[in-house]
Amino acid sequence: MSSLEIRPTAAADLPANTAIYEHAVLYGTATFELIPPDLAEMTRRFDGLMDGGFPYFVATLDGRVVGYAYAAPYRPRPAYRFTVENSVYLQPAIHRQGIGLKLMQRLITESEARGYRQMIAVIGDSANAGSIGVHAKCGFQMIGTHPNVGFKFGRWLDTVMMQRTLGEGAAMLPADDPAGARR
Ligand SMILES: CC(C)(COP(=O)(O)OP(=O)(O)OC[C@H]1O[C@@H](n2cnc3c(N)ncnc32)[C@H](O)[C@@H]1OP(=O)(O)O)[C@@H](O)C(=O)NCCC(=O)NCCS
């Protein structure tokens, strides 16, 4: 029986994350990137998220990184500062074993603890049943579809927007700015 751990990402995990994402870029439609970012670019993105106080987790099986999830700014303009957009990617070999769900649950809990109020998933490809399914299981509501906004692998692709309230949502005004919260 393999032992699963969900823990904060360290810089040493980034080569594994880079390889996981490279596969998703080259062979999948969940992401609309066309050229896989290299380790230097993945490190730049990680550093930006850490500097901004955003949560970023890896899943390990017997100590080996098999997936990751993070929350990032939904949009850069400051009135969006209580809303995050999430990403979650796993090695294909370990899909449908509950690991994506556990990563997302940890990401949601930590995002709530940091004071964020809304989480948005922008899911590439309306045929991405795995992503739509895991977000639904995490309590995301379907917002709608942007039809044919992407073009990858010779075909037009939709994005599916899903959204989940975090913590108090809009029921309470924010006490402080989560960007100032501890990582
Ligand atoms: C999407 C992804 C993270 C899901 O992670 P996962 O570990 O495979 O999913 P889980 O095993 O945790 O599934 C949890 C629940 O989500 C739903 N689900 C997962 N995969 C599904 C699928 N292929 N079809 C329908 N529902 C699915 C189910 O409700 C499932 O619960 P169940 O197995 O008890 O029925 C993973 O498949 C992945 O990395 N896909 C490629 C990249 C990607 O699409 N990332 C999301 C970008 S927005």
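Atom set for the values below is all heavy atoms of this structure, side chains included, hydrogens, waters and symmetry mates excluded. Just so you know, residue 1 is the first one in the sequence shown, and it goes up from there. All ligand and atom numbering here is 1-based and tracks the order in the structure.
When hydrogens are left out, the protein atom nearest atom 7 (O) of ligand 1 is Gly100 N, 2.7 Å; that is the closest non-hydrogen contact. Taking atom 25 (C) of ligand 1 as the reference point, the nearest protein heavy-atom neighbour is Ala129 O, 3.7 Å. The protein heavy atom nearest to atom 17 (C) of ligand 1 is Gly133 C, 3.4 Å. Among protein heavy atoms, atom 44 (O) of ligand 1 sits closest to Asn128 ND2, 2.9 Å. Ranking the protein heavy atoms by distance from atom 12 (O) of ligand 1 puts Leu101 N, 2.9 Å first. Nearest protein heavy-atom contact of atom 48 (S) of ligand 1 is Ser131 OG, 3.3 Å. Among protein heavy atoms, atom 15 (C) of ligand 1 sits closest to Lys137 CD, 3.6 Å.
If you look at Gln97 next to ligand 1, the close heavy atoms, those under 4.0 Å, all belong to the backbone. When heavy-atom distances to ligand 1 are checked against a 4.0 Å cut-off, His95 comes that close through both its backbone and its side chain. With a 4.0 Å cut-off on non-hydrogen atoms, Thr31 does not touch ligand 1 at all.
Here the shortest heavy-atom distance to atom 16 (O) of ligand 1, taken over Val66, Val88, Val134, belongs to Val134. For atom 18 (N) of ligand 1, the choice among His23, Arg96, Met104, Lys102 with the nearest heavy atom turns out to be Arg96.
Residues Phe57 and Tyr70 keep their aromatic ring centres 6.0 Å or farther apart. Between Phe153 and Tyr27, the distance separating the two ring centers is not shorter than 6.0 angstrom. Ring to ring, Tyr74 and Tyr80 are close: their centroids are under 6.0 angstrom apart.
For Ala30, no nitrogen or oxygen atom sits less than 3.5 Å from a nitrogen or oxygen atom of ligand 1, counting backbone and side chain alike. Distances between N or O atoms of Tyr89 and those of ligand 1 include no value under 3.5 Å. Considering backbone and side-chain N/O atoms, Ile94 never comes within less than 3.5 Å of an N/O atom of ligand 1. Among the atoms of His135, none of the N or O lies under 3.5 angstrom from an N or O of ligand 1. Where the criterion is an N or O separation shorter than 3.5 Å, residue side chain and backbone included, Ile123 fails it with respect to ligand 1.
Using bins of under 30°, 30° to 60° and over 60° for the plane-to-plane angle, the ring pair Tyr89/Tyr68 lands in the tilted bin.
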| field | Steps toward salt bridge (Lys or Arg N to Asp or Glu O under 4.0 Å) verdict (Arg7, Asp13) | value | CA-CA 11 Å; Arg7 59 161 176 79; Asp13 300 320; 2.8 Å; yes

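More than 12 heavy atoms of other shown residues, nucleotides or ligands fall within 6.0 angstrom of atom NE2 in His95. Counting heavy-atom neighbours within 6.0 Å of Gln97 CD, excluding the residue itself, gives a total above 12.
A side-chain donor-acceptor contact under 3.5 Å links Lys152 to the backbone of Thr31. Distance alone, capped at 3.5 Å, places no donor-acceptor pair between the Asn148 side chain and the Asp158 backbone. A donor-acceptor pair is defined here as one N or O able to donate and one able to accept, closer than 3.5 Å; such a pair exists between the side chain of Thr9 and the backbone of Tyr56. A donor-acceptor contact shorter than 3.5 Å is absent between the side chain of Arg64 and the backbone of Leu61.
Per-atom contact check: atom 42 (C) of ligand 1 touches the protein, criterion being a heavy-atom distance below 4.0 Å.
Paired with Gln118 under the rule side chain to side chain donor-acceptor pair (under 3.5 Å), one option of Gln163, Glu85, Arg164 passes, and it is Gln163.
Within the structure, salt bridge (Lys or Arg N to Asp or Glu O under 4.0 Å) pairs that include any residue of residues 124-140 comprise Asp125-Arg155 (at least two apart or interchain).
Of all atoms in ligand 1, numbered sequentially from 1 with element shown, those under 4.0 Å from a heavy atom of Ile99 are 7 (O), 12 (O). In the vicinity of Leu90, heavy-atom distances shorter than 4.0 Å reach the ligand 1 atoms 5 (O), 6 (P), 7 (O), 39 (O).
Distances from ligand 1 to the non-hydrogen atoms of Gly98 include at least one value under 4.0 Å.
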